[in-house]
Number of protein chains: 2
Amino acid sequence: MLKFDKEKKLSSVKGALALRPEIEKIVDEIQNEGFDAVYFMGIGGTWASSMQVEVYMRGKSSLPVFVENAAEYLTTGNKRITSKSVVIFSSVTGTTQEMVEAIKVVKELGARVLAFIDIKGTALEEMSDYCVIYPENEQLKFYMVANRLMFNNGEFSDYDQYNQEMEAHLAEALVDVEIKADDFAKEFAAAKYEFIKKNPDMPHYFVGAGNQLGSTYSYAMCYWEEQMWIRTKSISAPEFFHGMLEVIEAETPVILFVGEDEQRVTAERVANFLPKVCRNYVIIDSKDYELKGISGKFRGSISHLVTHGVTNRIDVHMEKELCHPLQIRRYYRQFDY
Amino acid sequence: MLKFDKEKKLSSVKGALALRPEIEKIVDEIQNEGFDAVYFMGIGGTWASSMQVEVYMRGKSSLPVFVENAAEYLTTGNKRITSKSVVIFSSVTGTTQEMVEAIKVVKELGARVLAFIDIKGTALEEMSDYCVIYPENEQLKFYMVANRLMFNNGEFSDYDQYNQEMEAHLAEALVDVEIKADDFAKEFAAAKYEFIKKNPDMPHYFVGAGNQLGSTYSYAMCYWEEQMWIRTKSISAPEFFHGMLEVIEAETPVILFVGEDEQRVTAERVANFLPKVCRNYVIIDSKDYELKGISGKFRGSISHLVTHGVTNRIDVHMEKELCHPLQIRRYYRQFDY
């Protein structure tokens, strides 16, 4: 398999899951001290991950947990973020401009800050009350926080079983996803290359719901737009029916992500609609992957990781088909703006 | 001016503003009874209007005011919506499927419901505790609720001056916007028609921030996609810099809305960036319009109405240029899906 290091993937996920005792200790301390609200704050891809953890908790937990966009916070502000609030964020580089400025403001307010940063020794680490250093696996880290918050609040009775299954099986299950998806991804990328060659301006439509919405948004924007320079539009499955459906024609390219959380039905509605008006759609459904050792009742909480496993393979093959190294940028951080 | 009934526009806005005593009475009663939170709930365009009122209050008010998407509520739920909550929504038809179902659920919970509906005698009116019947002007209605909530909470000391100015001048000011914008809109629509004829698949990119974000989202989706069948993508100005910028080239069509609320600076950042990489952009800035009689400090609260005045004129001319009546739909409510 192209650019696939199985051992590295396994150890990456296992290492993230092994952060649990460290995360639990922090969450317990924060929760014992009390808070008026918890804000997952981000910008771009990390804002999208924040959306994923918020929607995960929204229907299950009475805890006041919200999403905040760093750049909106720096301008509009949020009068409900106080010295009693907790702000949680993730940063790969530890230097994202809007995050550095926003965390300065919340620290001046006296709020507590929990950071997840990929590398040691950054400005954002210095500014945070709690900092967990570990590369990648942003969603897993956020969901471990969410799970502990809900467990402490009496809202997660299966907590031990959940963690046992994840720690025993998740890494292998996600590696199996990538292995199983590879043939599909290779064909998909080859077909996309041919389509894009003929239709360079046509946007590719990405649809998702629930914990797939954050990943759909960031996959369209942070991968296809930013890394591949391909036009996209992303939309939530329920909102698809309130406008966007009208621009779907027979050859319009649509990629629908279907997960297994409570909003699955909204994505299924799109899946039922598409074949009536379109022949150029692809459905990526987490249900098509076995996830050995993971109970059915827990699958919804990780279906965004499953579809991400599929898109990982798409990215590798798209990079090759397009002859476009994914790390190059036209504009981002190339000049002042 | 094409399809422009000045007297009708004036009386529509004046009539909406005249709802204030009725709205104040309802808000006062709700606020005297107390609530754990207020949720503006919507789907599609009404969800976008909900976003506009939430961002308007976010930096000014400590009241717990949130946005909820009706279809997400029906699936994921929201454990923080309780019998002590207040749900506020707007509906043109009074029959939107997701809203009818969602209001059923919140009524069963025992939450109080305040409805704004354009016409009398609908299912949604029947289900609501409070209902204000008046056509159009959704944002004005929501902002009147917001203003009264903040006034009662000691967060709007200029309340009387604000209302005096709006009631004396807003209707005329918005009519003047449409009159001033008409020549621009006519030229814009003619140029767009030529561009679309040559580039039918190219998406038109709409960028906005603050109270412009909801209107940017719904303008792209509910007007260009749904009514004109033209491809679009909308994005917030801060998020533009976290991915989408990479697909902007010299001839990529971008429409940037610039308002006058706290997030204006984020839109200005996009305005500074665009000329460096693109020659096919248009900036629609509320600051270019006089708004006679409205104090500078209040302009931010209505800049989404100003840019909407401009887009009203664009729509009229686009309809003519495209030979595409804006009321026709390919799919929406045409068959079961």
Side-chain angles (χ1 to χ4, degrees), chain A residues 43-45 47 55 58-62 64 66 69-72 75-80 98 199 201-203 209-210 218 221-222 225-227 229-233 235-239 241-248 261-266 269 272-273 276-277 329-332 335 337, chain B residues 43-45 47 55 58-62 64 66 69-72 75-80 98 199 201-203 209-210 218 221-222 225-227 229-233 235-239 241-248 261-266 269 272-273 276-277 329-332 335 337:
Chain A
I43 184 112
W47 182 50
V55 77
R58 195 192 304 159
K60 297 179 182 70
S61 178
S62 61
F66 306 104
N69 181 289
E72 295 192 26
T75 48
T76 290
N78 185 329
K79 222 176 157 184
R80 292 188 307 275
E98 292 95 333
N199 307 277
D201 295 330
M202 176 71 91
S218 74
M221 187 171 80
C222 305
E225 288 183 339
E226 181 171 339
Q227 297 181 22
W229 309 349
I230 299 172
R231 304 191 184 287
T232 69
K233 165 156 186 159
I235 190 83
S236 86
E239 288 287 300
F241 289 106
H242 290 272
M244 213 204 80
L245 77 168
E246 297 288 347
V247 295
I248 306 300
D261 69 1
E262 306 84 358
Q263 289 189 41
R264 179 179 177 85
V265 289
T266 70
R269 192 177 179 215
N272 289 335
F273 171 80
K276 297 180 181 171
V277 303
R329 299 290 177 274
R330 267 184 181 126
Y331 313 128
Y332 187 64
F335 62 103
Y337 45 79
Chain B
I43 183 110
W47 183 50
V55 78
R58 196 192 302 159
K60 298 178 182 70
S61 178
S62 61
F66 306 105
N69 181 289
E72 295 191 27
T75 48
T76 289
N78 185 329
K79 222 177 158 182
R80 292 188 307 277
E98 293 94 333
N199 307 277
D201 294 331
M202 176 71 92
S218 73
M221 187 171 80
C222 305
E225 289 183 339
E226 181 171 339
Q227 297 180 23
W229 308 350
I230 299 172
R231 303 191 184 287
T232 70
K233 165 157 185 158
I235 190 83
S236 86
E239 289 287 300
F241 290 106
H242 291 270
M244 213 203 80
L245 78 169
E246 297 289 347
V247 296
I248 306 300
D261 69 1
E262 307 84 356
Q263 289 190 41
R264 178 178 178 86
V265 290
T266 70
R269 193 178 179 214
N272 289 334
F273 171 81
K276 297 180 182 169
V277 305
R329 300 290 177 273
R330 267 185 180 125
Y331 313 129
Y332 186 64
F335 62 103
Y337 45 79

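- In terms of heavy-atom pairs under 4.5 angstrom with chain A, the leader among B:Arg329, B:His242, B:Met244, B:Glu72 is B:His242.
- Shown here for A:Tyr332 and B:Glu246, the closest heavy-atom pair between the two residues is N-OE2, 2.9 Å.
- In this structure, OH on A:Tyr337 lies 10.0 Å from NZ on B:Lys276, to the nearest 0.5 angstrom.
- Taking CG of B:Asn69 as the reference point, atom CD of A:Glu239 lies at 5.0 Å (rounded to 0.5 Å).
- The candidate from A:Gly77, A:Ala209, A:Ala71 with the greatest count of non-hydrogen atom pairs under 4.5 Å with chain B is A:Gly77.
- Note: B:Phe273 and A:Phe335 have parallel aromatic rings, judged against thresholds of 30 and 60 degrees for the angle between ring planes.
- Counting heavy-atom pairs closer than 4.5 Å to chain B, the top-ranked of the candidates A:Gly45, A:Gly44, A:Gly210 is A:Gly44.
- Of the two parts of A:Ser218, neither the backbone nor the side chain holds a non-hydrogen atom closer than 4.5 Å to a non-hydrogen atom of chain B.
- In terms of heavy atoms, B:Pro203 sits closest to A:Asp201 at CD-O, 3.2 Å.
- For the pair A:Glu98 and B:Arg269, the salt-bridge criterion is met [side-chain N within less than 4.0 Å of a carboxylate O].
- Among B:Asn78, B:Ile230, B:Ile248, B:Thr232, the residue with the largest count of heavy-atom pairs under 4.5 Å with chain A is B:Asn78.
- Across B:Lys233 and A:Glu225, no two heavy atoms sit closer than the pair NZ-OE2, 2.9 Å.
- B:Phe66 touches chain A through its side chain: at least one heavy atom from C-beta onward sits under 4.5 Å away, while N, CA, C and O do not.
- Between A:Leu245 atom CG and B:Trp229 atom CH2 the span is 10.5 Å, to the nearest 0.5 Å.
- Atom CD of B:Glu262 and atom OG1 of A:Thr75 lie 7.5 Å apart (nearest 0.5 Å).
- Residue A:Thr76 holds its OG1 atom at 7.5 Å from NZ of B:Lys60, rounded to the nearest 0.5 Å.
- Between A:Val247 and B:Arg330 the shortest heavy-atom distance is CA-NH1, 3.9 Å.
- Heavy atoms of A:Ile235 lying under 4.5 Å from chain B belong exclusively to its side chain.
- Heavy atoms closer than 4.5 Å to chain B are found nowhere in A:Asp261, neither backbone nor side chain.
- Heavy atoms closer than 4.5 Å to chain B are found in both the backbone and the side chain of A:Phe241.
- The part of A:Val265 that comes within reach of chain B is its side chain, from C-beta onward, which places non-hydrogen atoms under 4.5 angstrom from that chain.
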Item checked: Residues A:Arg231, B:Met202; criterion side-chain contact (heavy atoms from CB on, under 4.5 Å); working and verdict -> CA-CA 9 Å; A:Arg231 304 191 184 287; B:Met202 176 71 92; 3.4 Å; yes
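- In this structure, chain A has no heavy atom under 4.5 Å from any part of B:Asn272.
- Counting heavy-atom pairs closer than 4.5 Å to chain B, the top-ranked of the candidates A:Cys222, A:Ser62, A:Ala70 is A:Ser62.
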